[in-house]
Amino acid sequence: MKFLQFSVLPFLIVILSLNGATLAHPYGDFLHCLSLRISNSSTISKVIYTQNNPSYSSVLNASIQNTRFSTPTTPKPYAIITPRKTSHVQSTIYCSKNHGFQLRIRSGGHDVEGVSYVSQVPFVILDLVNFQAVKVDTKNEVVWVQSGATTGIGGHLSGGGFGILGRKYGLAADHIIDAKLIDANGRILNRKSMGEDLFWAIRGGGGNTFGVVLAWKIKLVPVPPVVTVFTVNKNLEQNATKIFHRWQYIAHKLPNDLFTAVWIMKVNSSQVGKKTVQAGFRGMFLGGVDELIPLIQHEFPELGLAKENCTQMSWVQSILYFGGLPIQPVEILLNRNALPRSSLKAKTDFVKEPIPETGIEGFMNMFLEEEADFAITMIEAFGGKMDEIQENELPYPHRAGILFESTYIVQWTNEEDAGTYINWIRRLYSYMASYVSKSPREAYYNYKDLDLGTNNVNGYTSYEQASVWGLKYFKNNFKRLVQIKTMIDPMNLFRNEQSVPPLWSP
């Protein structure tokens with residue numbers, strides 16, 4: 001120890017002081033460990049951000065999409081680690097494990113419950129913001145994409161990844177063919193070295209439960225040069241309830257090239273000072289408008305789709321369209337701050353039988369309540385390719401027999417009113433219980449909902465306790481996920497309120 005004390009320690013004190021901490025701090029051992037392993041002072045200042053660092057707040061808030069978790073009272077990490085190379089990730093894992101820190105892993109920051117960057121116990125954030133490379137191999141139709149890319153790809157893929165191509169091609173995770181993962185022992189693993197069980201688990205079971213997934217290899221799928229998008233808005237006075245009721249029987253049977261969704265929200269009525277509820281029927285067709293119009297007129301004439309409701313564009317532009325962004329320039333997709341941020345609470349359901357008109361009426365009426373001023377429900381049709389894949393193919397089990405998924409979101413601007421809005425969405429969720437999947441009431445892991453149940457973040461979590469929420473997200477796949485977790489991370493280094501626990505944990 002004398003060698004360390006006299007030859008290295010003065011150098012480390014200078015480094016750590018630059019970042020707003022010294023070895024006298026109670027967390028100094030962790031920083032000491034990490035700085036020793038990184039060893040380069042110029043690199044350390046760009047990788048380790050402690051609470052006294054002038055850039056700490058901007059780095060912390062840069063990726064927080066849900067401002068509900070950026071308030072003064074939100075628990076803050078002792079340090080944020082923004083690795084620039086693989087060895088920095090390995091060092092962070094090593095030092096976290098050896099000095100008892102809870103490690104939260106963040107990629108795009110779209111975690112709606114904030115569990116990737118908030119904890120009730122002392123923690124540090126491993127932020128993959130610098131892992132943004134996207135390497136496309138057009139010849140072999142594959143792409144390597146790092147988890148921190150601006151698309152929020154890390155969380156999207158590791159939770160399954162249903163999107164507007166889902167009826168045509170299934171989940172995004174169905175097309176992952178390789179991955180680069182660092183486990184709790186710091187080993188760098190790919191598909192071959194991690195084995196098929198772990199490779200299965202990270203494609204829908206939560207990548208940050210089993211390790212740190214740095215990159216994904218995805219098999220690309222073809223899209224035509226031109227797609228057609230449309231929106232037809234109908235409010236309560238325009239038979240929105242009856243049209244939506246009819247849509248339930250049709251949408252999942254439409255050709256696989258056609259994705260449709262219904263967005264429910266409160267809007268101004270044609271009567272001055274009055275509000276109504278609008279059902280926005282939206283769609284994306286992998287083809288031209290001249291083919292789409294007769295198709296809809298034949299299969300769903302109640303919608304009244306006309307050419308003026310449609311726009312032809314590239315598939316990339318359609319992503320901007322569904323995101324509510326200007327369709328030009330497409331480079332806006334590279335901007336992490338393109339989408340407005342707000343405080344929100346989300347919940348999800350899967351529906352297997354059409355909801356009766358009376359049920360829809362009650363649901364619509366709840367959107368006339370004051371707390372629903374900034375609420376939306378996004379209802380997305382399933383069927384197509386999703387019906388063809390077994391529910392145990394990946395951890396994501398919501399496949400055949402699902403008519404549509406409903407995502408309920410409520411937003412607010414004043415944090416003092418958060419409880420009021422959260423109570424409203426809980427009442428909406430309770431109201432829908434009679435009309436959605438049962439035993440279990442299924443939910444989508446990519447819209448985490450801590451109301452469904454939580455783990456003990458500082459101590460042992462039993463299989464029975466975790467099953468309360470785990471079966472809702474993963475159904476019968478949850479048991480296999482727990483077995484794989486026990487094998488790859490038995491000491492439960494990678495954990496949060498809704499991470500798959502091992503069968504035994506300290």
Side-chain angles (χ1 to χ4, degrees), residues 1 3-5 7-53 55-56 59-60 75-107 115-131 147-148 180-189 207-214 457-458 488-496 499 502 505-506:
M1 286 301 295
F3 174 79
L4 173 64
Q5 181 180 353
S7 65
V8 181
L9 194 53
F11 173 65
L12 288 173
I13 290 175
V14 172
I15 293 171
L16 294 174
S17 296
L18 288 172
N19 285 276
T22 69
L23 292 177
H25 196 283
Y27 300 103
D29 287 346
F30 169 77
L31 295 175
H32 183 180
C33 172
L34 195 56
S35 299
L36 270 177
R37 294 178 68 90
I38 294 176
S39 76
N40 184 298
S41 60
S42 62
T43 301
I44 288 174
S45 65
K46 298 176 182 177
V47 172
I48 306 173
Y49 297 87
T50 60
Q51 292 183 359
N52 291 332
N53 188 300
S55 299
Y56 172 90
V59 172
L60 175 62
K76 304 295 191 293
Y78 172 68
I80 307 164
I81 318 302
T82 58
R84 292 180 173 268
K85 51 187 179 181
T86 301
S87 63
H88 296 164
V89 179
Q90 293 170 301
S91 297
T92 305
I93 291 172
Y94 175 86
C95 295
S96 298
K97 182 167 66 171
N98 282 275
H99 295 284
F101 275 89
Q102 194 161 119
L103 184 62
R104 296 297 170 107
I105 305 156
R106 180 167 76 174
S107 54
V115 300
S116 62
Y117 49 86
V118 175
S119 176
Q120 300 300 320
V121 299
F123 71 108
V124 296
I125 292 176
L126 178 64
D127 192 332
L128 299 175
V129 62
N130 295 318
F131 282 76
S147 291
K180 180 180 178 181
L181 175 143
I182 302 181
D183 71 2
N185 294 317
R187 296 180 300 172
I188 303 172
L189 305 175
N208 62 1
T209 284
F210 304 95
V212 180
V213 182
L214 295 182
V457 294
N458 197 16
I488 190 67
D489 184 20
M491 301 304 288
N492 204 20
L493 175 66
F494 301 107
R495 65 184 185 271
N496 59 53
S499 59
S505 64

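All figures in this text were calculated on a predicted structure; none of them were measured in a lab.
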Minimum heavy-atom distance Tyr56-Tyr49, with the two atoms named: CD1-O, 3.7 Å
Minimum heavy-atom distance His88-Pro83, with the two atoms named: CB-CB, 3.4 Å
Any side-chain heavy atom of [X] sitting closer than 4.5 Å to one from [Y]?
{"X": "Tyr94", "Y": "Cys33", "result": "yes"}
{"X": "Lys180", "Y": "Thr86", "result": "yes"}
{"X": "Leu60", "Y": "Ile125", "result": "yes"}

For Ser87, side chain to side chain donor-acceptor pair (under 3.5 Å) partners two or more places apart: none
Residues forming a side chain to side chain donor-acceptor pair (under 3.5 Å) with Asp127, sequence neighbours excluded: Arg106
Criterion side-chain contact (heavy atoms from CB on, under 4.5 Å) on Gln120 and Asn458, from CA distance to verdict: CA-CA 9 Å; Gln120 300 300 320; Asn458 197 16; over 6 Å; no
Any side-chain donor near an acceptor of the partner, Thr43 and Lys85, under 3.5 Å: no
Qualifying residue for side chain to side chain contact (heavy atoms under 4.5 Å, CB included) with Arg104, from Leu126, Val115, Val118: Val115
Step-by-step side-chain contact (heavy atoms from CB on, under 4.5 Å) determination, Val457 to Phe123: CA-CA 11 Å; Val457 294; Phe123 71 108; over 6 Å; no
Partner residues of Arg187 under the salt bridge (charged side-chain N to carboxylate O under 4.0 Å, His left out) criterion, sequence neighbours left out: Asp183
Taking atom [atom1] of [X] and atom [atom2] of [Y], what is their separation to the nearest 0.5 Å?
{"X": "Leu103", "Y": "Thr92", "atom1": "CG", "atom2": "OG1", "value": "7.0 Å"}
{"X": "Asn185", "Y": "Gln90", "atom1": "CG", "atom2": "CD", "value": "11.0 Å"}
{"X": "Cys95", "Y": "Lys97", "atom1": "SG", "atom2": "NZ", "value": "11.0 Å"}

Does [X] use its side chain to pair, donor to acceptor, with the backbone of [Y] at less than 3.5 Å?
{"X": "Asp489", "Y": "Ala184", "value": "no"}
{"X": "His32", "Y": "Gly28", "value": "no"}
{"X": "Ser147", "Y": "Val213", "value": "yes"}

